[in-house]
Amino acid sequence: MPTENDEISKYLSYILRHEPHSIGLQLDSDGWASINSLIALSADHGRVIDKATIQTVVRTNTKKRFEISDDGRRIRAVQGHTTKSVQRVYPITMPPQLLYHGTATRFVASIREHGLKAGARHHVHLSIDVSTAISVGKRHGNPVVLEIQALKMYELGFKFFIAENSVWLTDSVPPEFIKTIEQLVHQEKPRLPR
Ligand code: HQG
């Protein structure tokens, strides 16, 4: 059952990733917002949250979605933005040979044709392990895991980034670097569970 802190985490995701303007909050291009402004503007819009609760949510969030600045005054979501006011610049990082993307079976035909697109978010999100990809895919329906030839892409000039919470990001993935679970289970040594 979702806890009160889960609910606050959802609210913070909504404001800090997607709709800061819904409460009139300013984010800078790195995604930072003043915590005092967040608290005041939230209260103006009927949601009372105190600083200690925000700190607890940031500290205990299992996906480490948020970060508080060293001086304790600002907060941001580390990845997952759709708002145009944020344009985070992540350092380019060499990825491991393979990364994984979890999606729903109904998207696979389109992904095979067009590759992975960032859609509303600023990046395609990838994980280092299959189990994370499965849980990401489940959010959309019947999950399927895609295996991405990340290092090969990087060697060909595609850029990869890693957010502070270890989520891997890239701009897009063309179809030729993607294998689906069906292709994998037909190989001699499948890497993924059936
Ligand atoms: C799909 C969560 C059709 C893509 C997770 C995905 C993640 C296509 C959906 C983070 C496509 C977008 C991001 C194409 C991509 N045709 N469908 N060409 N290209 N798609 O939610 O990766 O809990 O924007 O496969 O853990 O599911 O929010 O992206 O299914 O890290 O912190 O379009 O969100 O983190 O969905 O999830 P999303 P995502 P949080």
Side-chain angles (χ1 to χ4, degrees), residues 1-20 22 27 30-33 54 56-68 75-88 90 93 95-96 98-150 153 158-184 192:
M1 220 180 78
T3 64
E4 194 188 337
N5 283 355
D6 292 338
E7 215 268 312
I8 293 168
S9 171
K10 273 201 175 140
Y11 171 72
L12 292 179
S13 286
Y14 175 74
I15 298 295
L16 297 173
R17 285 174 166 173
H18 310 303
E19 298 291 344
S22 66
L27 306 188
D30 292 323
W32 293 111
I54 292 174
T56 302
V57 169
V58 171
R59 199 181 57 248
T60 58
N61 185 259
T62 48
K63 290 186 168 183
K64 301 279 174 224
R65 291 185 181 100
F66 314 105
E67 184 180 16
I68 289 179
I75 183 170
R76 70 174 170 187
V78 299
Q79 41 67 233
H81 300 89
T82 60
T83 175
K84 297 229 179 333
S85 51
V86 175
Q87 291 296 330
R88 285 214 56 194
Y90 300 94
T93 307
L98 300 174
L99 287 170
Y100 300 94
H101 177 86
T103 189
T105 47
R106 71 182 185 284
F107 297 145
V108 169
S110 168
I111 292 170
R112 277 208 188 110
E113 191 179 341
H114 304 290
L116 281 168
K117 307 275 183 199
R121 296 191 200 253
H122 296 171
H123 297 97
V124 171
H125 284 54
L126 304 169
S127 63
I128 200 150
D129 62 295
V130 172
S131 59
T132 302
I134 291 171
S135 46
V136 173
K138 277 185 183 160
R139 291 159 51 253
H140 297 288
N142 192 15
V144 57
V145 173
L146 310 178
E147 187 187 83
I148 311 300
Q149 296 281 337
M153 286 178 67
F158 290 85
K159 294 180 185 124
F160 285 80
F161 316 97
I162 185 164
E164 289 77 358
N165 59 353
S166 304
V167 172
W168 281 88
L169 306 167
T170 194
D171 294 330
S172 62
V173 182
E176 60 268 32
F177 301 105
I178 302 173
K179 282 185 187 170
T180 62
I181 195 168
E182 288 86 359
Q183 288 168 294
L184 288 169
L192 296 167

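Order of listing sets the numbers, starting from 1, for every ligand and every atom in it. Atoms considered below: every heavy atom in the structure, side chains included; atoms not considered: hydrogens, waters and symmetry mates.
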- request: Determine, step by step, whether V173 and H101 satisfy the side chain to side chain contact (heavy atoms under 4.5 Å, CB included) criterion, reporting the C-alpha distance in whole Å, the side-chain angles of both residues, the deciding distance to 0.1 Å, and the verdict.
  value: CA-CA 10 Å; V173 182; H101 177 86; over 6 Å; no

task: Apply side chain to side chain contact (heavy atoms under 4.5 Å, CB included) to the pair I148 and W168, showing each step before the final yes or no.
output: CA-CA 11 Å; I148 311 300; W168 281 88; over 6 Å; no

- request: Would you check ligand 1 and list the protein residues that come within less than 4.0 Å of it by any heavy atom, ordered by chain and number?
  value: R17, K63, R65, H101, T103, F107, S110, I111, H114, G115, L116, K117, R121, H125, V136, R139, H140

message: Between H18 and T83, is the side chain to side chain contact (heavy atoms under 4.5 Å, CB included) condition met? List the steps.
response: CA-CA 5 Å; H18 310 303; T83 175; 5.9 Å; no

query: For R65, which residues count as a salt bridge (Lys or Arg N to Asp or Glu O under 4.0 Å) partner, sequence neighbours excluded?
result: none

- request: Nearest 0.5 Å please: distance from the CG atom of N5 over to the NZ atom of K10.
  value: 13.0 Å

- prompt: Which of these passes side-chain hydrogen bond (donor to acceptor under 3.5 Å, both in side chains) with Q79: H125, H123, R88?
  reply: H125

